[in-house]
Amino acid sequence: ELETAAAGALLCRNTAADALARIEALLADASVPHEISRLRLMAGTALNFLMRGPEAVAQLWAAEKTALQSKDEGLLRRIRYQLALGYRNSGDRRHALSMLRALLEALEALRPPDRVLQMKVLKDLGAVSFDLGEAEAAAAYLNAALVWANEIGDLSGLSAIYNGLAYTY
């Protein structure tokens, strides 16, 4: 568990390659389905940071398949979020948009809300909408994400959202 936490701490753009190496080593020894799902989610996240979308999608599909057995809805939502990002990184922006919209709908029904994930989904809906040339939709999603980011105090999220808003105007 400590090794998994250490690998998870490396999950950011600058250290994604190091995180991926540690995660792959942990996956080689993993035997519990829930642990395998978590590690595959982490591997998919690292691959998304590295902009290796097709590889991320493969890891995340495997993570989702294993996570369905555990019925951990929170884990499944995080996997589906990263899977949408993997599709975006693979160039399939329409599929990413569809997945993010479905995830947002599920998140809006959740009580209590998962504010952090909802903010991330809204931010990425804005980014994908912008990618698709839908500037008005992008601005609407980003403004909604801005409300959540302010509420939870996510400075990194605020920075990314303001950057996205600057592109839409």
Side-chain angles (χ1 to χ4, degrees), residues 1-108 110 113-132 141 145 148 154 156-157 159-161 163-164:
E1 191 63 32
L2 185 59
E3 285 295 316
T4 302
L10 293 173
L11 281 176
C12 66
R13 194 167 315 282
N14 294 336
T15 55
D18 293 334
L20 184 58
R22 287 184 182 205
I23 293 161
E24 287 172 340
L26 292 168
L27 262 170
D29 295 331
S31 60
V32 178
H34 192 264
E35 177 187 10
I36 292 168
S37 290
R38 284 182 47 224
L39 288 168
R40 288 193 180 280
L41 168 59
M42 292 169 66
T45 301
L47 289 162
N48 275 331
F49 278 128
L50 295 168
M51 303 302 289
R52 292 166 46 189
E55 293 170 78
V57 167
Q59 282 288 349
L60 293 159
W61 265 103
E64 183 178 44
K65 183 179 175 184
T66 309
L68 285 169
Q69 298 169 9
S70 72
K71 298 187 182 4
D72 181 339
E73 292 298 319
L75 179 62
L76 282 167
R77 283 190 295 274
R78 293 190 312 274
I79 291 168
R80 289 175 180 150
Y81 169 69
Q82 286 295 325
L83 189 55
L85 298 184
Y87 281 116
R88 179 182 183 216
N89 290 335
S90 298
D92 192 350
R93 289 169 180 83
R94 291 272 174 217
H95 195 170
L97 186 68
S98 174
M99 289 187 73
L100 288 168
R101 284 180 176 158
L103 184 55
L104 179 62
E105 187 176 313
L107 287 166
E108 288 173 339
L110 199 61
D114 183 339
R115 292 180 175 146
V116 173
L117 186 55
Q118 191 162 353
M119 183 270 304
K120 288 178 178 182
V121 168
L122 285 164
K123 175 183 61 71
D124 286 304
L125 275 165
V128 173
S129 295
F130 183 80
D131 290 347
L132 293 169
Y141 285 126
W148 285 99
D154 183 341
S156 174
S159 175
I161 293 163
N163 187 50

Separation of L41 CG from I23 CD1 (nearest 0.5 Å): 9.0 Å
Any L122 side-chain heavy atom under 4.5 Å of Q118 side chain: yes
Distance in Å, L68 CG paired with S37 OG, rounded so as to fall on 0.5 Å steps: 8.5 Å
Validation row: M119, I161 side chains within 4.5 angstrom (heavy atoms): yes
Pair L27-Q59, side chain to side chain contact (heavy atoms under 4.5 Å, CB included): steps then yes or no: CA-CA 11 Å; L27 262 170; Q59 282 288 349; 4.2 Å; yes
R78 CZ to R38 CZ distance, which is reported to the nearest 0.5 Å: 8.0 Å
Atom CD of E108: over 12 foreign heavy atoms under 6.0 Å: yes
Side chain to side chain, L85 and Q82, heavy atoms closer than 4.5 Å: yes
Nearest atoms (heavy-atom pairs only) where P33 meets T66: O-CG2, 3.2 Å
Over all atoms of both residues, closest heavy-atom pair of N48 and G86: OD1-CA, 3.1 Å
Minimal non-hydrogen separation, A7 against A19, with atom names: O-CB, 3.6 Å
Derivation and outcome, side chain to side chain contact (heavy atoms under 4.5 Å, CB included), residues L75 and H34: CA-CA 9 Å; L75 179 62; H34 192 264; 3.8 Å; yes
Distance-minimising heavy-atom pair for F49 and A16: CB-CB, 3.6 Å
Salt bridge (charged side-chain N to carboxylate O under 4.0 Å, His left out) pairs, two or more places apart, involving residues 20-32: none
Donor-acceptor under 3.5 Å (S159 side chain, S156 main chain): no
From L104 atom CG to L97 atom CG, the distance as rounded to the nearest 0.5 Å: 10.5 Å
Closest non-hydrogen atom pair between R80 and L103, with its separation: C-CD2, 4.4 Å
Interatomic spacing from CZ in R93 to OG in S129 - rounded to 0.5 Å: 12.0 Å
Reference residue L50; test side-chain contact (heavy atoms from CB on, under 4.5 Å); the match among T45, L20, N89: L20
Heavy-atom closest pair, residues R40 and L60: O-CD2, 4.2 Å
Straight-line distance of D124 CG to D131 CG, nearest 0.5 Å: 9.5 Å
Non-hydrogen side-chain atoms of L110 and R77 separated by less than 4.5 Å: yes
